[in-house]
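Structure record follows, encoded as structure tokens.
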Amino acid sequence: MPPLGAGGPCAARRQSLRPLLCLGRATPGAGVHSRGLRPRRIAGGSPRRAGGSRPARARRLSHSYGPPCLRGGPPVTVPAEVHLAEERLQDILKAVVVGARVDEPASRPGGEESVAFSEAGALQPPYEPEALCLLVEHSNSLRQNVDAYATNIDGFGYRFEPAIDFDADGAQEKVADAMALERLAARDAGTLPSGTPLRPTDEEVAAHAEEVRQQARVEKARLESFFDFCCFDSSFVELRRRTRHDLEVTGNAYWEVLRDGKGDIARFVYVPSYTVRLLPLDKEAVEVRERVRISAVSFDTVTTRRRLRRYIQVQGNERVYFKSFGDSRVISRLTGRAFQDVAALKAADSSDGPATELIHFAIHSPRSPYGIPRWVGTLLSVLGSRQMEEVNYLYFNNKSVPPLALLVSGGRLSDASVPRIERFIEENIKGKANFHKILILEADGTGTGDGGRAKIELRPLTDAQQQDALFQAYDARNIDKVGSAFRLPPLLRGDGRDFNRSVAEAQLRFAEDQVFQPERDEFDFLLNRKVLADMGVRFWRFRSQTTATRDPERMTEMVERLVRVGVLTPEEGRQLAGDIFHREFRKIGDDWVRRPLTLTLAGIQTGVEDLKPRKDKDSLLSEAKRLVGLREELRAEEERLAQGRLALARRYMDTEHVPVPREEFDTWFSARES
């Protein structure tokens, strides 16, 4: 193990890691501002002389991107316990060189990029992004957690959900509400024609619904085509996975947004997070035009004033500036200066061009505009596991206890015996062909009291040898600490030992509900709020696909039972089946899919239900005619039933026959005629 001194091949790397991995960014010459502390030895320095020596310089905790005191306030006084713990922590972190004992191409000396960032006036991140990347590469517990996030949050694809489902019940009411909100916004803006009612009529709603239905179909085709080709060399899902990896490793991730000649978004480009730094917020606010939603299917453009930020990327000797997403100013990509228009930019430097936009994803930190990875609190656990791995690895090259000892007493081996024994062991004992060969040892007696007989003893030393790796319990505890920082159960980190089905399902359900789905919702909101709104998408919402954490067979059986008893309609059952199989089933426009299956089967048995699709179901006039016809059929059926009941009553009515003489019967009619 090379000494961690000032020289050596990794000295430059240590210098780049020292001030950037240490909490608080205290320099070796600084100290914590404290009161009542006795002089003590400073880590990395010489002991203080007793008597007459000056106390150590006061050390202050400085903000990561501000003056020595917090936001210009008074210096923070730290208790003695915090002082000692912080100083010990800095001693540990300063002595760590990631990859110093492993030949790693990524462990190259750094520092040139840091100088370039400082010269450009960029804000210094709380932790060096490239050092965080190296920690993940050399850690035995971080990569599996990061991969679990990238796979379960961003790896299952996406779909587009309609803002208004025109095939569902109540679509006409939603269209009417959207039209009313649009007219209300137009009235507030003074653009609504006089005499126009706020609530549209049924004819206007029907005509507008058919129009927006066609527009929504065209818009979805445009969306699918855009997201299929929005990246140059990868899919949109792969772009999201890379973004999630950067976000969890360094706390920050970036997309470069390219626009076409019309100003529309054309491509997304992945930008490595370790190459980008933030510049301070501009002092002057800038007018920004944003689209805000006023109804389910319409936007309005508003103008606000905001302080925006620029970004700088350094790769080798190249510097490129970016502007914030939505910034309408013309920014130089070589100098970062703002110009009035592109002509003024070209007049200043013909080789220059306007800067493109950058979308910044970050894990929020209250003390820095940069994001901070969620695992940074377990930094010592990560470093300790790395040291443990190196100790166990070096055992094989630096093993100090041999498996066998040759003990000679009462004599000595001749000078020729030792090299002969070594040669025999190397050449004639190894391998199965020499399994039964015998080693003969000879020693000369020294004339001792036991007759000058020499004793030779072969004693095994396997009990003193290390039989297994060291610090296994410590390493297991560190792995659990890192996993708890990500809030992931062991099953998702690749540890499938001692789990049954119920425990595995409970762990997956917890991770889905408490970790993965909130992260998907946050990403979907950002994409809908920024990207899709900028593209003018009105009728569709971006939605990340989820994994089926429940048993598909159990879900299928549950949906089948609910549809059979009439709790769910067939259309709702098909929607749930789409979530189970991760595919979108085609729409069925018949009426029977919107009614419980029990009512449909009852109508088929009585011969009343007509299962043929009605082409004019959307016409109000045809619906009215159908209802009138149905009423007439019901009235005719009631009359038929009444006649049947009357005939049945007459058939079974008891009649009385009274015989009347002929003469008397004739007198009845003759009397009436007279």
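Remember, it's a predicted structure, so these values are computed and weren't measured experimentally.
Within the structure, salt bridge (charged side-chain N to carboxylate O under 4.0 Å, His left out) contacts touching residues 116-126 (residues at least two apart or in different chains) are E119-R319. Pairs passing the salt bridge (charged side-chain N to carboxylate O under 4.0 Å, His left out) check and including a residue from residues 189-200, sequence neighbours excluded, read D177-R199. Legend: salt bridge (charged side-chain N to carboxylate O under 4.0 Å, His left out) pairs involving residues 325-337, not counting sequence neighbours, sorted by first then second residue: D282-R329, D327-R329. Applying the ring-ring contact (aromatic ring centres under 6.0 Å, His included) rule to pairs touching residues 190-235 yields Y158-F227, F160-F227, F226-F268, F227-F236, F227-F542, sequence neighbours excluded. Every pair tested for salt bridge (charged side-chain N to carboxylate O under 4.0 Å, His left out) that includes a residue from residues 338-356 fails, sequence neighbours excluded, so the list is empty.
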message: Determine whether R159 and Q545 satisfy the following criterion, side-chain hydrogen bond (donor to acceptor under 3.5 Å, both in side chains), listing intermediate values before the conclusion.
response: CA-CA 7 Å; R159 67 177 184 270; Q545 292 274 75; 2.4 Å; yes
- prompt: When you look at V212 and Q215, which way does the side-chain contact (heavy atoms from CB on, under 4.5 Å) test go after all the steps?
  reply: CA-CA 5 Å; V212 296; Q215 295 177 1; 4.3 Å; yes
Full working for side-chain contact (heavy atoms from CB on, under 4.5 Å) between I372 and I363: CA-CA 6 Å; I372 293 181; I363 299 177; over 6 Å; no
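Of the charged side-chain nitrogens involved, at least one lies within less than 4.0 Å of a carboxylate oxygen, so that E128 and R277 count as a salt-bridged pair. Classification of R241 and D154 as a salt-bridged pair fails, no side-chain N sitting under 4.0 Å from a carboxylate O.
A distance of 10.5 Å separates OG1 of T275 from CD1 of I312, quoted to the nearest 0.5 Å. We find the CE-CD1 distance between M535 and I265 to be 6.0 Å, quoted to the nearest 0.5 Å. How far OG of S365 is from OH of Y370: 12.0 Å, rounded to the nearest 0.5 Å. Atom CG of residue L223 and atom CZ of residue F539 lie 11.5 Å apart, to the nearest 0.5 angstrom. Taking CG of L508 as the reference point, atom CG of D513 lies at 10.5 Å (rounded to 0.5 Å). The NZ atom of K323 lies 13.0 Å from the OH atom of Y311; values are rounded to the nearest 0.5 Å.
Contact check for V205 versus V175: side-chain heavy atoms found under the 4.5 Å cut-off. At a threshold of 4.5 Å between non-hydrogen side-chain atoms, the residues L132 and Y274 do not count as touching. For the pair I331 and R310, the minimum side-chain heavy-atom distance is below 4.5 Å. The closest side-chain heavy-atom distance from Y127 to V376 is below 4.5 Å. With a 4.5 Å cut-off on side-chain heavy atoms, R259 and D264 do not count as touching. S118 has its side chain out of reach of Q124: every pair of non-hydrogen atoms, C-beta onward, lies at least 4.5 Å apart. A 4.5 Å side-chain heavy-atom check between V314 and F117 finds at least one atom pair inside the cut-off. When side chains are defined from C-beta on, T250 does not count as touching V136, because their heavy atoms never get closer than 4.5 Å.
Side-chain atoms of E219 come within 3.5 Å of backbone atoms of R538 as a donor-acceptor pair (strictly under, hydrogens ignored). A side-chain donor-acceptor contact under 3.5 Å links R183 to the backbone of P197. The main-chain N or O of A533 is found under 3.5 Å from a side-chain atom of R291 such that the two form a donor-acceptor pair. Formation of a donor-acceptor pair under 3.5 Å by the R520 side chain with backbone atoms of N152 is found in this model. Side chain of Y254 to backbone of V269: no donor-acceptor contact under 3.5 angstrom is found. Not one N or O on the side chain of Q214 forms a donor-acceptor pair closer than 3.5 Å with the backbone of E211. Of the possible donor and acceptor atoms, one in the side chain of N252 sits under 3.5 Å from a partner among the backbone N and O of G371. Within the 3.5 Å criterion, the main-chain N or O of E238 finds a donor-acceptor partner in the side chain of S235. S225 places no side-chain N or O within 3.5 Å of a backbone atom of R222 that could act as its donor or acceptor partner. With T243 contributing its side chain and L239 its backbone, the two residues share a donor-acceptor pair below 3.5 Å.
Aromatic ring centroids of F361 and W255 lie under 6.0 Å apart.
Counting heavy-atom neighbours within 6.0 Å of E522 CD, excluding the residue itself, gives a total of 12 or less. A 6.0 Å sphere centred on CD of E161 holds more than 12 heavy atoms belonging to other residues, nucleotides or ligands.
Among V271, V320, I359, V276, the one residue that satisfies the side-chain contact (heavy atoms from CB on, under 4.5 Å) test with E256 is V271.
Closest non-hydrogen pair, R493 versus L488, comes out as NE-O, 3.3 Å. Here the shortest heavy-atom pairing between L123 and P369 reads CD1-CG, 3.6 Å. The two residues C133 and V249 come nearest to each other via the heavy atoms CA-CG1, 3.9 Å. Contact between E519 and I153 at its shortest, heavy atoms only, is CB-CD1, 3.6 Å. Of all heavy-atom pairs between A163 and A296, the closest is CB-O, 3.5 Å. Here the shortest heavy-atom pairing between Q507 and P489 reads OE1-CB, 3.4 Å.
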Going by atom type alone, with no hydrogens or angles, which donor-acceptor pairs under 3.5 Å involve a side-chain atom of residues 142-150 and a protein atom two or more places apart or on another chain?
| unit_1 | atom_1 | unit_2 | atom_2 | d |
| --- | --- | --- | --- | --- |
| R143 | NE | D147 | OD1 | 3.1 |
| R143 | NE | D147 | OD2 | 3.3 |
| Q144 | NE2 | N140 | O | 2.9 |
| N145 | ND2 | S141 | O | 2.5 |
| Y149 | OH | F486 | O | 2.7 |

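By the side-chain contact (heavy atoms from CB on, under 4.5 Å) test, L562 pairs with M558, V567, L568, sequence neighbours left out. Remark: S350 engages no residue in a side-chain contact (heavy atoms from CB on, under 4.5 Å) (not counting sequence neighbours). Residues that satisfy the side chain to side chain donor-acceptor pair (under 3.5 Å) test with S544, not counting sequence neighbours, are R240, D524. Every residue two or more places apart in sequence or in another chain that forms a salt bridge (charged side-chain N to carboxylate O under 4.0 Å, His left out) with D495 is listed here: R497. Scanning for salt bridge (charged side-chain N to carboxylate O under 4.0 Å, His left out) contacts around R306 gives E290, with sequence neighbours left out. Listed by chain and residue number, V330, L345 satisfy the side-chain contact (heavy atoms from CB on, under 4.5 Å) test with P354 (two or more places apart in sequence, or in another chain).
The closest side-chain donor-acceptor pair between T378 and S381, if any, does not fall under 3.5 angstrom. In the model, S298 has a side-chain atom that pairs as donor or acceptor with a side-chain atom of S295 under 3.5 Å.
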